[in-house]
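Below: one structure, written as C-alpha cells.
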Amino acid sequence: GVHLLPNAAIQEFFPDGVSYQDLSAADGKIQELRGFDSVVLALGHKSYNPFTEELKDLVKEVYVVGDAEKVDFVSGATYKAVNIATTV
C-alpha cells in the first residue's frame, strides 16, 4: 500500500494528503493525492558552495567542510574541521 512519488515538489499539505508538482513532467501541472493516513518524505540533498571562488580572491586560504563539500553526517564535517584547525 505504499505509493512512491519520485521527483515530486510538495506544494501543500492536507490532513489526508498533499498537492505536488511532478518535476519530471513537462506540463508543470499541480496534482493532488488524497485519502492517506500518513505522508513520509525522503528528501535528497545536494552540496551547495556559492562562496569559495569569491573568497579565494579575498583571503589566502579557504577550507570547505560539511554539506558545502559533501552531503554527509555532521560527524564527518566536525572531524574534518577539527583536523584542519589542528594541522594548519
Side-chain angles (χ1 to χ4, degrees):
V2 175
H3 187 91
L4 299 177
L5 213 73
N7 299 314
I10 301 296
Q11 303 297 307
E12 185 176 356
F13 288 94
F14 306 118
D16 67 337
V18 296
S19 67
Y20 69 95
Q21 180 181 22
D22 182 349
L23 299 178
S24 61
D27 63 7
K29 182 179 169 186
I30 304 297
Q31 302 178 55
E32 289 187 6
L33 286 173
R34 299 282 193 141
F36 291 91
D37 296 328
S38 300
V39 174
V40 178
L41 302 176
L43 307 173
H45 292 81
K46 287 195 276 187
S47 294
Y48 181 63
N49 179 6
F51 302 116
T52 297
E53 292 305 313
E54 292 179 33
L55 289 173
K56 284 182 179 178
D57 295 335
L58 300 173
V59 296
K60 189 166 85 172
E61 298 176 61
V62 176
Y63 301 94
V64 180
V65 299
D67 288 350
E69 176 191 32
K70 174 187 167 197
V71 175
D72 203 357
F73 294 103
V74 69
S75 58
T78 303
Y79 174 81
K80 183 171 182 182
V82 169
N83 189 36
I84 290 169
T86 58
T87 59
V88 173

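Values in this document were obtained by computation on a predicted structure and should not be read as measured data.
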Under the rule for side-chain contact (heavy atoms from CB on, under 4.5 Å), what residues qualify as partners of Glu69, not counting sequence neighbours?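 Residues passing side-chain contact (heavy atoms from CB on, under 4.5 Å) with Glu69: Val64, Lys80.
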
Partner set under side-chain contact (heavy atoms from CB on, under 4.5 Å) for Ala8, not counting sequence neighbours: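 So Ala8 forms a side-chain contact (heavy atoms from CB on, under 4.5 Å) with Leu5, Tyr20.
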
Apart from Phe73 itself, which Ile, Leu, Val, Met, Phe, Trp or Tyr residues share its cluster (side-chain heavy atoms under 4.5 Å, direct or through members)?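 None; Phe73 is a cluster of one.
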
Would Phe14 end up clustered with Leu41 when hydrophobic side chains under 4.5 Å apart are linked, directly or stepwise?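 No, it is not one cluster - the side chains of Phe14 and Leu41 are not joined through contacts under 4.5 Å.
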
Test of understanding: clusters of I, L, V, M, F, W, Y form through side-chain heavy atoms closer than 4.5 Å, transitively. Do Leu55 and Ile84 belong to the same one?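 No: no chain of side-chain contacts under 4.5 Å links Leu55 to Ile84.
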
Looking at Thr87 and Asn83, what are the two nearest heavy atoms and their distance?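 Looks like OG1-O, 2.7 Å.
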
Check Ser47 against Ala68 and note the closest heavy-atom contact, atom names and distance.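 So the minimum-distance heavy-atom pair works out to CB-O, 3.9 Å.
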
Distance (rounded to the nearest 0.5 Å) between Ile30 CD1 and Ile10 CD1: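 So the CD1 of Ile30 and the CD1 of Ile10 are separated by 10.0 Å.
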
Separation of Phe51 CZ from Leu58 CG (nearest 0.5 Å):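 These two atoms lie 12.0 Å from each other.
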
Spell out, as yes or no, whether a donor-acceptor pair under 3.5 Å connects the side chain of Gln11 to the backbone of Ala9.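 The answer is yes, because a donor-acceptor pair under 3.5 Å joins these two groups.
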
Ser19 (side chain) donor-acceptor with Gln31 (main chain) under 3.5 angstrom: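 The answer is no, because no donor-acceptor pair under 3.5 Å joins these two groups.
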
So does Asp37 have more than 12 non-hydrogen atoms from other groups sitting under 6.0 Å from CG?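 It does not: Asp37 CG has 12 such atoms or fewer within range.
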
When you compare the side chain of Val18 with that of Phe13, does any pair of heavy atoms fall below 4.5 Å?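 SC-SC contact between Phe13 and Val18 confirmed.
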
